Amino acid sequence: MTQATPTSLTRAGQPADAGTATKKVFVKTYGCQMNVYDSERMGDALSRDGYQPVDSVEAADLVLINTCHIREKAAEKVYSQLGRLAQLKKRRNSEGGDLMVAVAGCVAQAEGEEMIRRAPVVDVVIGPQTYHRLPGALAKARNGERVVETEFPTEDKFDRLPDASAGTIRTRGVTAFLTVQEGCDKFCTFCVVPYTRGAEVSRPVERIMSEAERLAAAGVREVTLLGQNVNAWHGQGSDGREWGLGELVHRLAAIEGIDRIRYTTSHPRDMDDALINAHRDLPELMPYLHLPVQSGSDRILKAMNRRHTAAEYIRLVERIRMARPDIALSGDFIVGFPGETDEDFEDTMRLIREVNYAAAFSFKYSIRPGTPGAGMDGQVDEAVKSERLTRLQALINEQTRDFGRQCVGKTADLLLEKPGRNTDQLVGRSPWLQPVIVDAKAGKIGDIVNMRIMQTGSNGLYAEPVETQSGNQGAISFDS
Ligand code: SAH
Ligand code: SF4
Ligand code: F3S
């Protein structure tokens, strides 16, 4: 449902052919990789609509903010940015110009019309399931309407957003995200995602395959499959059978040009044998797995509605490591969930020590209105949360450093992704997702080169050609 309210704002200085003249859009993205992917797709749709991307608000006719609602601070940031945009718009209006503001993403979905009331600078509020309607919403906004699009429509936005076959996909570089699944039915008691992204939906096999083929044709060598519960993905396979993510990654790996596959984020409950075995059997599937556990206390896991125990998670990690011993594991942790005692927190620290992570993200519990956790007894004091977070992050940082150190001396295939900070360097990516700095002579962007990891530094690892490992360090500058 489109809710439009006439606006009293005049669009002074807007050329009569505003619909076709070259327009400039500045896109700011917050939140998860899915938002990054969505911003790219919206950018594609806008470029078909005559918009050119610019990298500053000052140069833009349209500012599109793709928002995240996962924690309180994220939404606050959006509103303070909207305050600054209101100032800019006022200035533009006084000079006879204008500025349009569109807000997308999970804050847009959660706030809806409230956003326009709280931040009248906003012209369009558009939720994650209606991005294909963005050009239409902007056209209405240009005619002075305020547009709020936050329903969960029956049509598939992916079918209606432009793709490479329409010639509108913009270059993505050598790595790309590809959304295969969206939404969540898990309802962890702390989390807004099931409300902002809606029910779990899997994209059909043929759409995923054709998007991957187009990305490969455009020079992409590594795809990261995205989903709020990516390993809950399932679909009708080309052989008539029901496929899970394990089967899908095998098919994607067979596409000419796709040399590396990653996926995120997985839920422990959906990690099945086919996917675990794919880590054993499929060299294209990179040895990195983001597998959030949130807490190491069974009492808290139950209150969080995670539907697994700490022991089940650890057993799962053992099975995954049996299949792929060098796999790098990462996780998410929440400290200070309502009712979390010192003992519960120590259980989390014990689990971290037992699993030994290569990386992890950790957060203080943030009350999200409307979620069951918000109304629970035993909300934890901010100071206690901070103290626990500091201790947890110190442990994780130590494990991350150790993981990096253990890589020193190994040879690894590095995908060269982008120029380095120094012109004589390139940044590659290890199979374990670490950035690796190499000499620019090692190859060109898009090459996969086998190199020896020589040293850890503050910006990542450093590698050298295998044949010069005996000490020709002159080719690479080390910063640590
Ligand atoms: N679907 C993914 C990602 C969810 S959001 C998953 O299930 O893991 C990413 C992370 O944000 C979560 O894993 C959780 O650690 C954190 N998070 C979500 N809601 C939160 C809240 N209310 N307070 C603090 N952290 C939260
Ligand atoms: Fe949120 Fe839990 Fe769903 Fe992840 S699984 S998106 S944490 S409700
Ligand atoms: Fe944030 Fe929405 Fe992603 S709340 S983490 S942008 S799914």
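Bear in mind the structure is a predicted one, so any value in this text is a computation, not a measurement. As the structure lists them, so they are numbered: ligands from 1, and atoms in each ligand from 1.
- Polar contact check, Arg368 against ligand 1: no nitrogen or oxygen pair lies under 3.5 Å apart.
- What sits closest to atom 4 (S) of ligand 3 on the protein, heavy atoms only, is His69 N, 3.2 Å.
- Distance check for Cys68 against atom 2 (Fe) of ligand 3: none of its N/O/S atoms falls below 2.8 Å.
- In this structure, the protein non-hydrogen atom closest to atom 24 (C) of ligand 1 is Lys364 O, 3.3 Å.
- Scanning the protein for heavy atoms near atom 8 (O) of ligand 1, the closest one is Pro292 CG, 3.2 Å.
- Contacts of Gln294 with ligand 1, taken as heavy-atom pairs under 4.0 Å, involve the side chain alone.
- Of the polar atoms of Cys191, none of the N or O atoms is found under 3.5 Å from an N or O of ligand 1, judged by distance alone.
- Under the 3.5 Å distance criterion, with hydrogens and angles disregarded, no donor-acceptor pair is assigned to the side chains of Tyr37 and Glu182.
- Every N/O-N/O distance between Ser266 and ligand 1 stays at or above 3.5 Å.
- Under a 4.0 angstrom heavy-atom cut-off, Val193 registers as lying outside contact with ligand 1.
- In the model, Glu242 has a side-chain atom that pairs as donor or acceptor with a side-chain atom of His234 under 3.5 Å.
- Applying the 4.0 Å criterion to heavy atoms of Phe190 picks out, from ligand 2, the atoms 7 (S).
- Residue Arg197 places no heavy atom under 4.0 Å from ligand 2.
- With a 4.0 Å cut-off on non-hydrogen atoms, Phe363 touches ligand 1 through its side chain and not its backbone.
- Look at Met34 and you'll find every heavy atom at least 4.0 Å from all atoms of ligand 3.
- Looking only at protein heavy atoms, the nearest one to atom 1 (N) of ligand 1 is Gln228 O, 2.6 Å.
- Residue contacts with ligand 1: Asn229 is placed with no nitrogen or oxygen under 3.5 Å of a nitrogen or oxygen of the ligand (distance criterion only).
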